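Since the structure comes first, as structure tokens, the remarks are kept for the end.
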Amino acid sequence: MAHRLGFAGKKLLRMVLLLLGVSLAAFLLMSASPLDPLQTNVGQAALGTMSQEQIAQLEDYWGVNDPPLERYLGWLTDVLHGDLGTSLLYRVPVTQVLAERLKNSLWLMAAAWVLSGALGLLLGTVAAACRGRWPDRLIRGWCLLISSTPAFWLAILLLMVFSVWLGWLPIGLSAPIGAQASAVTLADRLRHAILPALTLSVTGLANMTLHTREKLCDVLESDYVLFARARGESTRSILWHHGLRNMALPAITLQFGSISEIFGGSVLVEQVFSYQGLGQCAVTAGLGSDLPLLLGVTVVSAALVFGGNLIADLLYGVVDPKIRARVRAYGRKGGA
Amino acid sequence: MTPLLSVEHLSISFTQYDRGTRRRILPAIRDLDLTIDRGQVAAVVGSSGSGKSLLAHGILGILPYNAHMEGTITYDGAPLTPKRAAALRGREIVLVPQSVGYLDPLMKVGPQVGRDKTAVRAVLDRYGLGPETEGLYPFQLSGGMARRVLISTAVAASPALVIADEPTPGLDARAAGRILGHFRELADAGTGVLLITHDLELALTIADKVAVFYAGETVEEAPAGDFDRLEDLRHPYTRALWQALPQHGFRPIPGTQPYPGALPEGCPFAPRCPKCTSECGGDVPYRPLDGGFVRCLHPERGNAS
Ligand code: SF4
């Protein structure tokens, strides 16, 4: 127990440090940005017609003249009080924007994540079981092909085929255009998430498939599979009893670790599909010099990625008996 | 009485690719003959890395896909075809592997010994392994325990033929003796035991007969009793092995076993043999001699030449 608490405490401390570091980095990058918030958001023409006082007021609003350190510390104090600030672009609390975007993005990322994990496992297993024969070669070739295809290009291709030529799926956005938020049905949401989720899952899918195949081939060539065969176990039984078990551990780590990749991909994919998610929000906030929003997005996404890795670590201990035994032994020592 | 298992002119070769393109055939076993009766322990003795394990895999029909096997294996009076081997392995013909590396590292011991819980309990009990053993993972087993678990996996099936592949590495002499004792017990109860090992001394403690394996061939088959006196042994290599035993002076033979890819013409032992003549470069048949077999033109026993 003491060990578990120690583990959790260490992880928590690391997370706080990570969030601090990431937010500071985002802040510094933003401060160093050559974009003038007034010019981008108000416009050169509009600025020209304004009085000096008005411009000063605007500069005040966008925080142009405040010393950077003061701005960052100010933001940090607010955050510690539970206030993420107000978005400069949308003029609503950052938490509100984040909540809405996060909801959209989570749908998308969860779908892509499950799809790439499940399908990758399946394809990888098929490839390993037929290793060296044509299904294996086909699957491997396809994986190499799609993992060398840029996600945004694939997104555009899918859009052209399914939305423009075939007209089966909407071109963009996370809900029908002009619809009231309350009138948006689950079916609408799903229809809008299909293409982005598909695109997003593709990169992770290739990774997962190749990894599963590699690992399973190792397992199939292992001594314990040889012994299982010597004991008369069928190929199916071997795959099911020994293959899955020994493959699960690395697959879990890979899959939870891939959350960061999926998130990174979502920034591009959401942009192409004009999907109102967190990734797109990051781009908007970055280009629009919306500092509180950008920092909010950064912190939330870093926490998300960190959470994924943390879950992978924890699950590792649950699945691997060696780690479990070590933890138990440690616990006994620590508890005594 | 027909023997339980008889292996005649067995050869196993591998197709290998040198630097990706050049194909070559590597003969791991070239000519192996052996018979085992019910209730008998037959040991195949050869130095490490001589391809002895492949004999076990060949009998069980679990050779890798790039292996090619020729010769006849007869089990219980009928040819042991791949199909028959597949039906019998794990049931009538079982393997006791070398190490816990042959157990699934992520599976508890109990279910790996067998599906039937009461049978598992009974067999583990027989080898002095308590109920707690069932809940352990392979990496938690000590050397001696692991060995007994591995025997249990084989015995749980009540087999007619047990193939033990190097079952005692890493054990001290006493522990190894105890483990081998378990195999002797099995044989005394009517099971045929094929013991594959590099350790002639240990093999002699339980074996009824010994086949000596050199460079892919059986060079001699002799009743265990023949190893009591040097004069009773037939092949120069067997005699050399005997003299290399600690109680017989620990005299090693110079030279090394040829690599399967670089075998000399004729007798493979010729480069190391003190009695080699020019005829030894030709064909050397495997023939019966004084209650055993030998593959030598000038066998030592009885000074036939
Ligand atoms: S055949 Fe000739 S070379 Fe081979 S072991 Fe006999 S005597 Fe020696």
Side-chain angles (χ1 to χ4, degrees), chain A residues 121 127-137 212 215-253 315-332, chain B residues 53-67 82-109 111-115 135-141 149-150 152-157 159 161-166:
Chain A
L121 217 56
C130 308
R131 134 190 68 141
R133 282 178 290 153
W134 67 264
D136 177 32
R137 272 189 232 138
T212 302
K215 183 66 200 164
L216 200 54
C217 281
D218 285 352
V219 170
L220 289 179
E221 275 160 26
S222 70
D223 287 341
Y224 53 88
V225 163
L226 184 75
F227 185 49
R229 288 215 297 139
R231 305 186 72 194
E233 279 190 49
S234 66
T235 306
R236 189 178 309 172
S237 153
I238 286 174
L239 278 178
W240 184 250
H241 285 116
H242 307 293
L244 269 184
R245 192 186 294 264
N246 284 282
M247 199 177 57
L249 205 56
I252 284 172
T253 333
L315 281 181
Y316 221 95
V318 174
V319 182
D320 190 344
K322 276 191 204 174
I323 295 184
R324 234 170 26 222
R326 212 176 306 144
V327 167
R328 228 176 294 138
Y330 188 97
R332 265 201 297 276
Chain B
S53 297
L54 290 172
L55 168 63
H57 301 168
I59 295 171
L60 291 159
I62 53 166
L63 288 168
Y65 65 97
N66 62 338
K83 216 176 131 195
R84 194 155 166 253
L88 290 178
R89 64 177 174 241
R91 292 174 189 84
E92 268 188 50
I93 308 178
V94 297
L95 174 72
V96 177
Q98 296 184 19
S99 70
V100 274
Y102 286 78
L103 293 178
D104 188 328
L106 298 184
M107 208 181 202
K108 286 185 178 163
V109 165
Q112 297 207 66
V113 171
R115 297 261 162 81
L136 295 179
Y137 286 93
F139 75 94
Q140 293 169 312
L141 299 173
V149 164
L150 293 173
S152 305
T153 62
V155 176
L161 174 64
V162 173
I163 304 173
D165 184 8
E166 208 76 71

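Numbered from 1 within each chain, the chains take letters A, B, ... in sequence-line order. All figures in this text were calculated on a predicted structure; none of them were measured in a lab.
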With chain A as the partner, which of B:Val100, B:Leu103, B:Leu88, B:Ile163 has the greatest number of non-hydrogen pairs under 4.5 Å?
B:Leu103

Show me, pair by pair, the donor and acceptor atoms from chain A and chain B that are under 3.5 Å apart.
from, atom 1, to, atom 2, distance (Å)
A:Arg229, O, B:Arg89, NE, 3.0
A:Arg229, NH2, B:Ile62, O, 3.2
A:Ala230, O, B:Gly90, N, 3.3
A:Arg231, NH1, B:Gln112, O, 2.4
A:Arg231, NH2, B:Gln112, O, 3.3
A:Arg231, NH2, B:Val113, O, 2.9
A:Arg231, NH2, B:Thr153, O, 3.3
A:His242, ND1, B:Asp104, OD2, 2.6
A:Arg245, NH1, B:Leu106, O, 3.3
A:Asn246, ND2, B:Asp104, OD1, 3.0
A:Asn246, ND2, B:Asp104, OD2, 3.2
A:Arg324, NH2, B:Tyr137, OH, 2.9

Between B:Leu95 and chain A, with a heavy-atom cut-off of 4.5 Å, which part of the residue counts as in contact: side chain, backbone, both or neither?
both

As an exercise, state the distance from CZ of A:Phe227 to CG of B:Leu150, rounded to the nearest 0.5 Å.
6.5 Å

Turns out that what part of B:Pro138 lies under 4.5 Å from chain A's heavy atoms comes down to neither

State which residues pass side-chain contact (heavy atoms from CB on, under 4.5 Å) with B:Ala156; sequence neighbours excluded, sorted by chain then number.
B:Val113, B:Val123

When the 4.5 angstrom heavy-atom criterion is applied to B:Leu63 and chain A, the contacting part is backbone

Residues which pass side-chain contact (heavy atoms from CB on, under 4.5 Å) with B:Ala154, listed by chain and number, not counting sequence neighbours
B:Val94, B:Val96

Output the distance between atom CG (A:Leu226) and atom CG (B:Leu60), rounded to the nearest 0.5 Å.
8.5 Å

Kindly write out the residues that satisfy side-chain contact (heavy atoms from CB on, under 4.5 Å) with A:Ala251, not counting sequence neighbours, or none if the list is empty.
A:Leu121, A:Met208

